[in-house]
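The next block holds one structure in the form of structure tokens; read it before the comments.
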Amino acid sequence: MRRLLIALLWLPALAGAAEHHVVIDAMKFSPQVVQARPGDTIVWENRDMFAHNVTAAAAKVSSGDLAPGKTWRYVVRAGASFDYLCTLHPVMKGRVDVAKPSH
């Protein structure tokens, strides 16, 4: 019963959640900047021929290495926007802009 209550309390927040897709290909993230709200999900898909990762140390975000053809999902938390990079190829950079919650 308690789990049902918790799930019902989360439904309004999740109802407006969006899913954003970032393609990793040709040694870049596309789109390079994702505009997201808390509760949104970002999916990174590695379509490149090399392993890559999504790392933002300050935001405690780390996908681990993604082999070609693999994906990684991240649910955006409330807080500051953050820059990320591929630590295997530091020239690859991206950003997640987190919108402030509207009340």
Side-chain angles (χ1 to χ4, degrees):
M1 182 69 168
R2 182 179 171 153
R3 286 186 183 180
L4 177 61
L5 178 60
I6 291 170
L8 290 174
L9 291 173
W10 274 94
L11 281 176
L14 295 176
E19 187 169 278
H20 309 273
H21 294 269
V22 177
V23 173
I24 304 168
D25 195 17
M27 300 291 285
K28 65 181 179 177
F29 297 105
S30 182
Q32 190 173 6
V33 178
V34 175
Q35 305 282 336
R37 296 184 322 251
D40 287 0
T41 299
I42 303 172
V43 180
W44 282 267
E45 179 183 359
N46 185 1
R47 293 187 189 167
D48 210 342
M49 64 176 73
F50 308 105
H52 295 290
N53 61 52
V54 177
T55 305
K60 296 184 171 115
V61 172
S62 179
S63 66
D65 292 348
L66 300 172
K70 297 296 180 181
T71 61
W72 181 64
R73 302 171 74 82
Y74 172 76
V75 177
V76 177
R77 292 177 245 147
S81 300
F82 59 90
D83 295 311
Y84 65 89
L85 57 82
C86 171
T87 59
L88 301 172
H89 309 99
V91 297
M92 296 175 58
K93 298 178 181 180
R95 180 168 177 79
V96 174
D97 281 333
V98 181
K100 302 290 182 219
S102 59
H103 295 289

Of V76, V34, V98, the residue whose pairing with S81 passes side-chain contact (heavy atoms from CB on, under 4.5 Å)
V98
D40 (side chain) donor-acceptor with A18 (main chain) under 3.5 angstrom:
yes
Shortest non-hydrogen pair, V75 vs G39, comes out as CG1-O, 4.0 Å
Considering non-hydrogen atoms only, spot the tightest contact between F82 and A56 and give its length.
CD1-CB, 3.6 Å
Hydrophobic cluster membership, with links at side-chain heavy-atom distances under 4.5 Å among I/L/V/M/F/W/Y: are W44 and M49 in one?
yes
Going by salt bridge (charged side-chain N to carboxylate O under 4.0 Å, His left out), name the residues that satisfy it together with R47, two or more places apart in sequence or in a different chain.
E45
Sub-4.5 Å side-chain heavy-atom contact between Y84 and T55:
no
Heavy atoms, side chains only, cut-off 4.5 Å: are Y74 and V54 in contact?
no
T41 OG1 to H21 NE2 distance, which is reported to the nearest 0.5 Å:
9.0 Å
With the 4.5 Å side-chain cut-off for hydrophobic clustering, are L85 and V96 part of the same group?
no
Donor-acceptor pair, distance only, cut-off 3.5 Å: does the side chain of Q32 make one with the backbone of K93?
yes
Which heavy-atom pair separates F50 from H89 by the least distance, and what is that distance?
CB-CE1, 4.3 Å
Going only through I, L, V, M, F, W and Y residues with side-chain contacts under 4.5 Å, is there a path from M92 to V23?
no
Which side-chain hydrogen bond (donor to acceptor under 3.5 Å, both in side chains) pairs, counting each pair once, include a residue from residues 57-67, with sequence neighbours left out?
N53-D65
Looking only at non-hydrogen atoms, find the nearest pair between A99 and R37 and report the distance.
CB-CG, 4.1 Å
CG of D48 to CD1 of I24: how many Å apart, nearest 0.5 Å?
8.0 Å
Shared hydrophobic cluster for L66 and M27 (ILVMFWY, side-chain gaps under 4.5 Å):
yes
